[in-house]
Amino acid sequence: MASNSRSSISSWTFNQNKMFERALAVYDKDTPDRWHNVAKAVGGKTVEEVKRHYDILVEDLINIETGRVPLPNYKTFESNSRGVNDFDTRKMKNLKI
């Protein structure tokens with residue numbers, strides 16, 4: 001029996017993920033043989049692997065949109081009245097002209 005856990009899924013390189021994203025944009029849900037075309041565009045992945053990767057993507061999006069994934073706590077910078085923030089000021093101090 002096959003496991004549905006993420007740990008059993010083959011790894012995807014950065015380039016394969018980019019090709020996957022591009023292929024999804026080209027081959028929409030109405031494209032005949034969509035998953036075959038996506039797998040061919042990605043290279044090195046089977047039709048089943050790209051389908052599973054898509055299912056994981058959809059699951060992740062649902063979790064994000066329903067608030068199940070906490071948003072990162074990004075560091076914010078205070079801006080002064082001219083719209084220049086502390087980060088910009090520190091960069092300018094180190095700038096050699």
Side-chain angles (χ1 to χ4, degrees):
M1 181 169 154
S3 170
N4 283 337
S5 78
R6 290 180 187 217
S7 62
S8 67
I9 299 170
S10 64
S11 63
W12 287 64
T13 66
F14 177 83
N15 288 336
Q16 286 173 322
N17 271 311
K18 279 299 179 194
M19 294 306 296
F20 175 74
E21 292 168 4
R22 289 181 185 147
L24 289 179
V26 172
Y27 305 111
D28 68 7
K29 65 180 181 171
D30 298 323
T31 302
D33 298 321
R34 178 187 194 188
W35 300 118
H36 174 77
N37 289 324
V38 172
K40 187 176 177 183
V42 170
K45 299 293 180 184
T46 67
V47 169
E48 289 305 315
E49 286 174 312
V50 296
K51 282 183 184 179
R52 180 64 186 137
H53 202 60
Y54 179 78
D55 289 342
I56 291 169
L57 174 64
V58 169
E59 182 181 324
D60 286 347
L61 288 172
I62 290 169
N63 287 333
I64 292 166
E65 291 174 351
T66 58
R68 294 185 194 140
V69 176
L71 294 176
N73 188 13
Y74 294 112
K75 183 176 181 180
T76 59
F77 295 101
E78 295 295 324
S79 293
N80 64 21
S81 61
R82 296 186 321 245
V84 177
N85 62 39
D86 291 336
F87 180 71
D88 292 332
T89 304
R90 286 192 309 263
K91 285 192 328 187
M92 304 244 331
K93 283 181 183 178
N94 295 322
L95 184 63
K96 294 182 182 179
I97 298 178

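Hydrogens, waters and symmetry mates are skipped; everything else that's a heavy atom, side chains included, is used. All residue numbers in this chain count up from 1 along the given sequence. All of these numbers come straight from a predicted model, not from anything done at the bench.
With sequence neighbours excluded, no residue satisfies ring-ring contact (aromatic ring centres under 6.0 Å, His included) with Tyr27. Under the salt bridge (charged side-chain N to carboxylate O under 4.0 Å, His left out) criterion, Lys18 pairs with Glu21, not counting sequence neighbours.
Heavy-atom minimum distance, Ala39 versus Val50: CA-CG1, 3.8 Å. Annotation for Val26 and Thr31: closest pair O-OG1, 4.3 Å, computed over non-hydrogen atoms.
Phe20 and His53 have perpendicular rings, their planes meeting at more than 60° on a 0 to 90° scale where under 30° would count as parallel.
Formation of a donor-acceptor pair under 3.5 Å by the Thr13 side chain with backbone atoms of Gln16 is found in this model.
The line from CD1 of Ile56 to NZ of Lys51 is 14.5 Å long, rounded to the nearest 0.5 Å. Note: Asn37 CG to Leu24 CG = 11.5 Å, rounded to the nearest 0.5 Å.
In this structure, Leu61 is a member of the same hydrophobic cluster as Trp12, with clusters built from ILVMFWY side-chain heavy atoms closer than 4.5 Å. Neither Leu57 nor Phe14 shares a network with the other; the hydrophobic side chains, linked directly or stepwise wherever heavy atoms of I, L, V, M, F, W or Y lie under 4.5 Å apart, form separate groups for each.
More than 12 heavy-atom neighbours from other residues, nucleotides or ligands sit within 6.0 angstrom of CG on Asp30.
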Pairs under 3.5 angstrom only: tabulate donor-acceptor contacts from the side chains of residues 65-72 to other protein residues two or more places apart or in another chain.
from  : atom 1 : to    : atom 2 : distance (Å)
Thr66 : OG1    : Ile62 : O      : 2.8
Thr66 : OG1    : Asn63 : O      : 3.4
Arg68 : NH1    : Asn63 : OD1    : 3.1

